[in-house]
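All remarks here apply to the structure that follows.
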Amino acid sequence: MATPEFILKLREKIGQEPLWIPGACAVVFDDAGRVLLGQRADNGRWGLITGILEPGEEPAPGLLREVLEETGVVAVAERLVSVDAVGPTTYPNGDVCHFLTLVFRCRYVSGEARVNDDESLAVGWFRPEEFPELMPGHLESIEQARDPDGAAHFRS
């Protein structure tokens with residue numbers, strides 16, 4: 001899984017010190033109410049499709065780019081579901097990151113769900129009763145995204 005170039009450049013300057021990174025997470029629903037999930041290559045865990053936003057990148061288009069790159073699925077963002085601080089996350093090489101994660105409810109438009117890059121081991125559509133064990137917080141994000149007209153959630 002490739003680390004974005006801007007993070008590599010920052011790491012040259014600060015080493016493994018904690019980084020505050022903007023990220024986005026997609027809860028993609030298809031017309032049957034299934035949710036798009038991916039099994040991550042870095043840790044083998046199942047979860048929603050996520051990605052790091054590039055400097056200056058708009059969050060919703062950046063997330064939709066990540067969904068397409070990772071899964072081959074074209075989606076549209078419908079609404080902001082939540083804004084969460086996630087972490088710290090310590091990677092096997094010792095790098096530490098905190099993420100500001102914007103979670104969006106998205107709707108499937110086209111494409112076949114498939115492993116489309118080296119970031120996933122598997123990708124597929126799942127009904128709630130079929131969900132594999134998900135990464136922490138991902139089931140909560142799915143529940144918060146169920147209502148297409150729901151309000152955004154913020155932790156206090």
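Just so it is clear, the structure is predicted and the values come from calculations on it, not from any experiment.
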Practice task
Go through the steps for T50 and T101 under the test side-chain contact (heavy atoms from CB on, under 4.5 Å), then give the verdict.
Solution key: CA-CA 9 Å; T50 62; T101 302; 5.9 Å; no
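- Of the listed residues (E70, E57, E54), just one forms a side-chain hydrogen bond (donor to acceptor under 3.5 Å, both in side chains) with R65, and that residue is E57.
- For the pair L121 and A41, the tightest heavy-atom approach, listed with the atom from each and the gap, is CG-CA, 3.8 Å.
- Screening W46, F131, F29 against F126 for a ring-ring contact (aromatic ring centres under 6.0 Å, His included) leaves a single residue, W46.
- The shortest heavy-atom contact between F6 and L53 is CZ-O, 3.6 Å.
- Rounding to the nearest 0.5 angstrom, the gap separating the CG atom in L63 from the CD1 atom in I52 is 12.5 Å.
- D30 has its side chain out of reach of L36: every pair of non-hydrogen atoms, C-beta onward, lies at least 4.5 Å apart.
- Side-chain contact between V28 and I49 is absent, with no heavy-atom pair separated by less than 4.5 Å.
- Cluster annotation: F154 and L100 are assigned to the same hydrophobic cluster (Ile/Leu/Val/Met/Phe/Trp/Tyr, side-chain heavy-atom contacts under 4.5 Å, transitive).
- For the pair L10 and L19, the minimum side-chain heavy-atom distance is below 4.5 Å.
- Put simply, the side chain of L134 reaches to within 4.5 Å of the side chain of L37, judged on heavy atoms.
- In N93, the CG atom is crowded: over 12 heavy atoms of neighbouring residues, nucleotides or ligands sit closer than 6.0 Å.
- When side chains are defined from C-beta on, E66 does not count as touching D117, because their heavy atoms never get closer than 4.5 Å.
- Annotation: side chain of T89 is not in contact with side chain of V96 (no heavy-atom distance under 4.5 Å).
- A donor-acceptor pair is defined here as one N or O able to donate and one able to accept, closer than 3.5 Å; such a pair exists between the side chain of R79 and the backbone of G150.
- No donor-acceptor pair under 3.5 Å is formed between the side chain of R105 and the backbone N or O of E78.
- Within the 4.5 Å cutoff, side-chain heavy atoms of V27 are placed close to those of V103.
- Residues V73 and A113 share a closest heavy-atom pair of CG2-CA, 3.8 Å.
- Side chain of R45 to backbone of E133: no donor-acceptor contact under 3.5 angstrom is found.
- Residues C106 and V76 have side chains not in contact (no heavy-atom distance under 4.5 Å, counting atoms from C-beta outward).
- At distances below 3.5 Å, not a single donor-acceptor pair connects side-chain atoms of S120 with backbone N or O atoms of A122.
- Listed by first then second residue, pairs satisfying salt bridge (Lys or Arg N to Asp or Glu O under 4.0 Å) with a partner in residues 136-155 read D84-R155, E140-R155, E143-R146, not counting sequence neighbours.
- Side chain of R40 to backbone of G44: no donor-acceptor contact under 3.5 angstrom is found.
- Closest non-hydrogen pair, G87 versus H98, comes out as C-ND1, 3.9 Å.
- Side-chain atoms of R114 and N116 form a donor-acceptor pair, as typed in the model, at a separation below 3.5 Å.
- The two residues S141 and V81 make their nearest non-hydrogen contact at O-CG1, 4.0 Å.
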Exercise for the section: Before giving the answer on ring-ring contact (aromatic ring centres under 6.0 Å, His included), spell out for W20 and F99 the whole-Å C-alpha distance, their side-chain angles and the decisive distance to 0.1 Å. Expected result: CA-CA 6 Å; W20 182 243; F99 294 92; 8.7 Å; no
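- L68 and V123 fall into different hydrophobic clusters, defined by Ile, Leu, Val, Met, Phe, Trp and Tyr side-chain heavy atoms under 4.5 Å apart, directly or through other members.
- When all heavy atoms are compared, the tightest approach of A26 to V67 is CB-CG2, 3.6 Å.
- Between atom CG of residue D31 and atom CZ of residue R107 there is a gap of 8.0 Å, rounded to the nearest 0.5 Å.
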Practice task
Decide yes or no on side-chain contact (heavy atoms from CB on, under 4.5 Å) for L48 and I142, but give the supporting numbers first.
Solution key: CA-CA 9 Å; L48 297 165; I142 293 167; 3.8 Å; yes
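- In this structure, W125 has its ring center closer than 6.0 angstrom to the ring center of Y108.
- Between the side chain of E17 and the main chain of I14, no donor-acceptor pair closer than 3.5 Å is present.
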